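The shown structure was predicted, so the numbers you read here are calculated from the model rather than taken from an experiment.
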Amino acid sequence: MSFSITEPTPRAKWISGTLVITYALITLIPLVWIFMTGFKTPPDSISYPPKVFYEPSLEGYVNLFTTRTRVSPEALDALPPPANFAEEIVRNRNMVIAGPSKFGERFMNSVIIGFGSTFLSIFLGTLAAYAFSRFKIPLADDLLFFILSTRMMPPIAVAIPIFLMYRNLGLSDTHLGMILLYTAVNISLAVWLLKGFIDEIPREYEEAALIDGYTRFQAFYKVVLPQAATGIASTAIFCLIFAWNEYAFAVLLTSGTAQTAPPFIPTIIGVGGLDWPAVAAGATIFLLPVMIFTILLRKHLLRGITFGAVRK
Amino acid sequence: MAEVVLNDVSKSFGKTVAVDGISMTIPDGAFVVMLGPTGAGKTTTLRLIAGLEKLDRGSVSIGGRDVGEETPAQRDVAMVFQQYSLYPHLSVRDNLAFPLRSPILKTPEAEITRKVADVADVLQISHKLDNKATELSGGEMQRVSIGRALVRDPAIYLMDEPLSSLDAKLRTDLRVELKRIQASLGATLLYVTHDQIEAMTMATHVGVLNEGRLVQFGTPREIYENPNSLYVASRLGLPRINILPADIFGSAPNGATQIGLRPEHITQGEGTPAEVRRVEHLGDQTRLHLRLQGHEVITLAQDGHDYAPGATLNIAPRNPLSFDANGNRLS
């Protein structure tokens with residue numbers, strides 16, 4: 001058998017494989033549990049010992065998307081037969097659907113604010129990072145430090161001033177206000193991460209493009225941007241995860257029109273008892289966009305490792 | 001194609017003077033080679049002409065037009081970098097088409113296809129056109145890089161040691177090919193190299209640079225046979241010119257303190273005895289390392305003569321070049 005010092009032995013591969021899979025399982029268990037709970041009935045969700053095998057039900061999802069009112073058994077009997085599975089599930093609990101819940105709306109708010117602020121952070125961050133990377137900017141190091149220093153305190157430390165400021169500016173409970181806030185927090189991360197990636201792209205490419213007849217902006221757009229895709233993708237994921245998960249400011253600054261999903265999901269608990277399946281259903285749906293976004297950009301993340309076929 | 005005139009071109013980076021008052025006329029259709037050691041200012045001169053660096057002093061004009069304030073795109077120059085800089089996210093075809101698609105040229109697609117095919121054919125990369133640029137070998141990448149310049153018809157081609165990263169065979173092939181292309185297009189070309197063979201075989205004019213200054217400009221033969229300084233004399237010639245005290249063979253030419261003796265300017269079998277120290281067989285030539293009164297002398301063995309280390313060989317100079325104490329040529 002040939003022996004190589006760079007290739008791991010089958011035994012080493014087996015051990016590392018086992019470790020990685022074990023770690024993945026441990027981290028995934030809570031998510032799997034949430035996913036399972038979403039398909040339980042409320043009694044199943046609180047039974048002890050916890051049920052691993054159960055009859056799946058859509059009650060959690062129905063409860064998540066509807067508001068319901070309790071009616072007397074006589075009134076229930078007087079109603080026409082249920083029009084769909086949702087009504088059937090609700091009537092089994094002696095209730096009728098009163099209307100849609102606000103989850104859909106809140107979820108859309110999360111999408112608008114999360115992706116909006118991610119786009120804005122990346123857009124501004126890329127331009128700023130490019131400028132810091134390529135041009136001679138007076139006090140560039142101090143400016144970069146200043147940008148980073150905005151992350152040195154917990155954002156919530158400025159909650160009160162921001163609350164007052166937003167009230168005076170009329171930005172409270174608006175999409176724009178939340179997008180600007182999350183962008184302000186994310187942009188320092190974006191500038192620093194992206195500057196690192198752009199520094200890695202040799203200037204020769206832009207110089208070649210300038211000589212090939214392009215303006216500096218066109219060279220940036222046609223040559224730098226495609227090569228920074230890896231960095232932009234990973235930075236975008238970081239920004240989105242922050243904006244998507246943010247809870248404290250969302251509680252403080254939004255209550256109605258611009259409320260995002262994180263402050264909304266816990267309010268489900270308060271309505272008509274501990275409805276864990278509905279909470280779990282909300283959490284499951286809430287997870288999806290970030291998961292899909294990450295999977296879509298995964299190729300770029302992997303490419304980052306093998307990137308750089310440039311002779312230096 | 002156009003004439004390019006440099007007038008007192010200067011550039012410093014901090015306290016380092018990279019280019020110091022170079023004046024040079026690159027005639028229309030000329031193949032000018034710039035020779036010089038690392039740090040002599042060759043690359044900076046190219047970058048100044050291309051517009052990638054701003055002039056501190058002096059002027060550059062291309063085709064009679066002062067280009068000092070123009071962007072690289074406006075100057076209509078094509079450049080091949082020493083480190084091949086292919087766009088890694090594009091295919092070979094798109095790399096070659098990139099300059100043609102620029103907002104300045106805006107070439108119709110049909111013509112792009114034709115030109116790219118032509119250039120790919122000349123550079124023998126037709127079968128790689130649909131590969132990603134990063135999937136090529138070093139030699140192929142550099143050929144694409146040269147191709148990206150050749151698809152255009154610029155005022156001047158600037159090439160910064162384009163062949164230095166290639167293997168010997170490819171280098172020879174491309175050297176011949178480049179010269180043929182240049183001659184058939186009547187292209188104006190400014191070419192930086194360390195390689196004497198490239199300089200001698202391709203150039204119509206050679207400019208020798210030293211510490212940012214142009215020290216001699218002329219035809220390759222002039223530079224080789226009639227160097228104006230010791231520095232220029234030692235830039236060309238393989239093996240290098242032998243520098244010896246002027247009086248080593250007897251009377252010194254008037255005023256000379258040093259003489260330069262090219263290996264082929266040493267007559268063997270007469271004159272002063274020297275000891276053979278080492279014999280190098282290179283196949284087509286045999287180099288003799290001699291010891292002459294404590295000085296190292298290198299010459300080529302004559303056909304049919306075989307020497308062993310330790311043997312004694314009489315040598316005499318033939319038409320030596322004489323230099324003063326500062327290394328300037330004396331006529």
Side-chain angles (χ1 to χ4, degrees), chain A residues 122 126 130-131 133-138 140-141 194 196-236 297-312, chain B residues 43 46-47 49-53 70-90 94-107 131-139 141-142 144-145 148-149 151-160 164-165:
Chain A
I122 295 295
T126 309
Y130 180 75
S133 175
R134 294 295 195 258
F135 299 121
K136 273 187 197 146
I137 296 172
D141 288 347
L194 288 168
F197 284 106
I198 293 176
D199 282 344
E200 290 292 303
I201 302 171
R203 284 159 187 259
E204 280 80 6
Y205 293 129
E206 286 145 87
E207 292 181 342
L210 289 179
I211 288 175
D212 282 345
Y214 293 81
T215 65
R216 188 170 262 282
F217 185 76
Q218 288 162 339
F220 167 76
Y221 179 74
K222 290 205 177 248
V223 176
V224 178
L225 222 48
Q227 293 187 63
T230 306
I232 289 174
S234 44
T235 310
L297 297 186
R298 191 192 48 182
K299 258 192 178 165
H300 287 290
L301 292 180
L302 287 178
R303 217 168 68 91
I305 303 165
T306 52
F307 190 61
V310 186
R311 186 167 158 268
K312 287 195 181 172
Chain B
T43 300
L46 287 192
R47 293 173 61 87
I49 297 172
L52 294 175
E53 306 287 351
E70 291 186 0
T71 65
Q74 293 166 328
R75 292 184 188 204
D76 190 23
V77 298
M79 184 159 170
V80 179
F81 293 82
Q82 183 176 10
Q83 255 98 51
Y84 36 76
S85 46
L86 300 189
Y87 308 115
H89 56 294
L90 298 179
D94 288 337
N95 261 284
L96 290 172
F98 195 77
L100 299 174
R101 293 198 174 119
S102 75
I104 287 198
L105 290 183
K106 277 195 197 133
T107 319
N131 284 36
K132 269 236 160 176
T134 45
E135 291 165 357
L136 302 181
S137 72
M141 285 193 187
Q142 190 61 336
V144 177
S145 204
R148 210 171 57 202
V151 290
R152 294 174 50 191
D153 184 23
I156 183 170
Y157 292 100
L158 306 170
M159 299 198 181
D160 190 357
S164 65
S165 58

Worksheet item: Is it the backbone or the side chain of Leu105(B) that comes under 4.5 Å from a heavy atom of chain A, or both, or neither?
Response: neither
Worksheet item: Quick one: does His89(B)'s side chain have a donor or acceptor within less than 3.5 Å of a partner on Ala229(A)'s backbone?
Response: no
Worksheet entry | Heavy-atom side-chain contact between Leu52(B) and Leu210(A) under 4.5 Å | yes
Worksheet item: Gly213(A) and Ser102(B): which non-hydrogen atoms are nearest, and at how many Å?
Response: O-CB, 3.6 Å
Worksheet, complete the sentence: Note: Phe98(B) and Ala209(A) closest approach over all heavy atoms is CE2-CB, 3.9 Å
Practice prompt. Side chain from CB out, backbone as N, CA, C, O: work out which of these in Arg101(B) comes under 4.5 Å of a heavy atom of chain A, or both, or neither.
Written response: both
Practice prompt. Determine the minimum heavy-atom distance between Asp212(A) and Arg148(B), stating which atoms define it.
Written response: OD2-NE, 3.4 Å
Worksheet item: When you measure from the side chain of Tyr205(A) to the backbone N and O of Tyr87(B), does any donor-acceptor pair fall under 3.5 Å?
Response: no
Practice prompt. Side-chain contact test, heavy atoms from C-beta onward, threshold under 4.5 Å: evaluate it for Arg47(B) versus Ile211(A) and give yes or no.
Written response: no
